[in-house]
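Whatever order the structure lists ligands and atoms in, that order sets their numbers, starting from 1. These figures come from a predicted structure and were not determined experimentally.
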Amino acid sequence: MNTSRRVIPAVALVAAAALTVPALAACSGTSGSGGGDAKGGGKLEVTASFYPLAFLAERIGGPYVRVTDLTKPGVEPHDLELAPQQIAALTKADVIISLHGLQPAVDDAVAQSGVGHTVDAARLTTLEDHGTEVDGRHHTTGDDGSGGASREDAGSDPHIWLDPVRYAEVARGVGKALEAADPAHAAAYGRNTGTLVAQLGALDTAFRDGLRRRSTDTFVTTHAAFGYLAERYGLVEEAINGLDPESEPSPARMKALHDLARREHVTTVFFETLVSDRTARTVAGDLHLRTDVLDPVEGITDESRGRDYFAVQRGNLAALQRALGVRS
Ligand SMILES: [Zn+2]
C-alpha cells in the first residue's frame, strides 16, 4: 500500500498553507487602499482551482468574468502547492470554484479566504468511492470482501469532470453561482449555461453511440481517473497503480494484469500527458500491448490532443474506440 506516501505530502501542504495565510492577511491590511471597486476592470473575478472548473467559468461567464486558474498548465493538479501570491489573490476573488478533496492546499486556502461566493464542485453532483485512489484496483460491482484494502474517507473519486453527465451537473451549479454573484448578467450566464449543458449532452451521446460496437469493455490506465467515465458507458477501467502512476507494479500485480489482459482481450495500456509514461511502457512491453494516451483533462498543454475540454474528450473517445476494438 502506498497510502502513507499520499498522506504525508497532503499534511505538509495544509500546514504550509495554514502558516502562509495569516501572514499575508496582515500584509494586505497595511497596503490596502480601501475599496474593492474596479477590480478586474468591472469584470467578475473568478478563481478556479484547476482547468475543468476554469473552463466552465470561462464558457458560462464569457466577457463578464475574468478567470484565474490556480493550477498552471503542465502542473499535475493533485500535487498543487500554492504560492503566497496565489493565496493572497484568492482572498480578493469574487467567486472561488474548487473541488473539495482533490487539492488539499486549495481546500485549506479556500476555507481561510473569507470569500462569500465559494462553489464546491463536489457538492454539485454525486461522488463515489471507486477504491482506485487508494489501492489501485477498480471495484464496479462491489468488493468480494477478500481485498483487505482499507478505504480512506478521502478515497472518494474526484474525477467527476470526465463523465459528461456529471460535468453538466457541475456546469449548472457554476452557472447558478455566477448568477448569484453578479445578478446584472444573470440572463447571459443562464443562456451560456444552457448552451454548455447542451454541448455536454452531445458529447455524452457521442460516447454512448461511439462505444456501442466495441469488442471488449476493459481498458488499462496508469492513473485511476476514468472510473466515472467507465461506469457511465459500461466500461471497466483497470488502473495499474491507482493515484501513484509513476511507481512500478509488484510482480503479483503484473501477473494479475497479464491474466486480465488475456482474459478481457485488452489491447492497450493508456498513459497520460502530465506524468511519465515509463510505467505504461514497461507494463505494455511485458504484456505485449500497445500504448496510447488517455487524457484526464486536468490541464491543457501543447501536448494535449486538443485545445479545450471538448476537443480532448473527443480525442479520448477516439483512443477508446481504437483500444476497445470498435467496429465501424
Ligand atoms: Zn487525477
Side-chain angles (χ1 to χ4, degrees), residues 2-3 5-7 9-10 13 48-56 69-82 97-107 120-122 124-139 151-164 166-167 170 219-232 235-247 249 269-280 292-301 303-306 308-309 312-313 315-316 319-320:
N2 49 33
T3 50
R5 294 186 55 187
R6 300 295 308 169
V7 171
L13 285 172
S49 62
F50 74 126
Y51 173 75
L53 302 180
F55 180 69
L56 294 182
D69 185 351
L70 289 176
T71 307
K72 297 296 162 236
V75 173
E76 222 287 322
H78 295 279
D79 300 334
L80 181 69
E81 296 182 55
L82 293 179
I97 310 170
S98 62
L99 202 172
H100 193 84
L102 180 70
Q103 299 165 288
V106 173
D107 293 344
D120 176 7
L124 299 174
T125 182
T126 50
L127 263 66
E128 295 171 4
D129 187 347
H130 291 137
T132 45
E133 300 286 342
V134 176
D135 63 8
R137 293 180 310 146
H138 190 263
H139 309 275
R151 298 196 188 172
E152 301 175 331
D153 288 341
S156 288
D157 183 353
H159 300 92
I160 47 179
W161 63 93
L162 291 167
D163 168 8
R166 278 187 171 78
Y167 195 45
V170 175
F219 61 102
V220 173
T221 63
T222 50
H223 171 189
F226 299 90
Y228 293 110
L229 185 147
E231 196 176 74
R232 178 67 60 194
L235 310 178
V236 177
E237 174 191 44
E238 191 71 29
I240 295 172
N241 265 331
L243 266 184
D244 194 357
E246 293 178 78
S247 74
V269 176
F270 285 113
F271 62 96
E272 59 182 85
T273 47
L274 294 186
V275 297
S276 162
D277 61 358
R278 190 169 53 89
T279 299
D292 200 354
V293 170
L294 203 56
D295 191 327
V297 209
E298 292 178 352
I300 301 286
T301 70
E303 296 181 22
S304 302
R305 282 180 176 166
D308 68 15
Y309 172 87
V312 175
Q313 279 282 59
N316 284 342
L320 282 169

A.B. asks: How are the rings of F270 and F219 set relative to one another: parallel (under 30°), tilted (30 to 60°) or perpendicular (over 60°)?
C.D. replies: perpendicular
A.B. asks: Taking both backbone and side chain into account, is any N, O or S atom of E76 nearer than 2.8 Å to the Zn ion (ligand 1)?
C.D. replies: no
A.B. asks: Kindly report the NE2-the Zn ion (ligand 1)-OE2 angle for H223 and E298 respectively, rounded to 10°.
C.D. replies: 120°
A.B. asks: Are any of the side-chain heavy atoms of I300 and Y51 separated by less than 4.5 Å?
C.D. replies: yes
A.B. asks: Roughly, to 10 degrees, what angle do H159 atom NE2 and H78 atom NE2 form around the Zn ion (ligand 1)?
C.D. replies: 110°
A.B. asks: Can you check whether P296's main-chain N or O pairs, donor with acceptor, with W161's side chain at less than 3.5 Å?
C.D. replies: yes
A.B. asks: Answer yes or no: is there a side-chain heavy-atom contact under 4.5 Å between H130 and Y228?
C.D. replies: yes
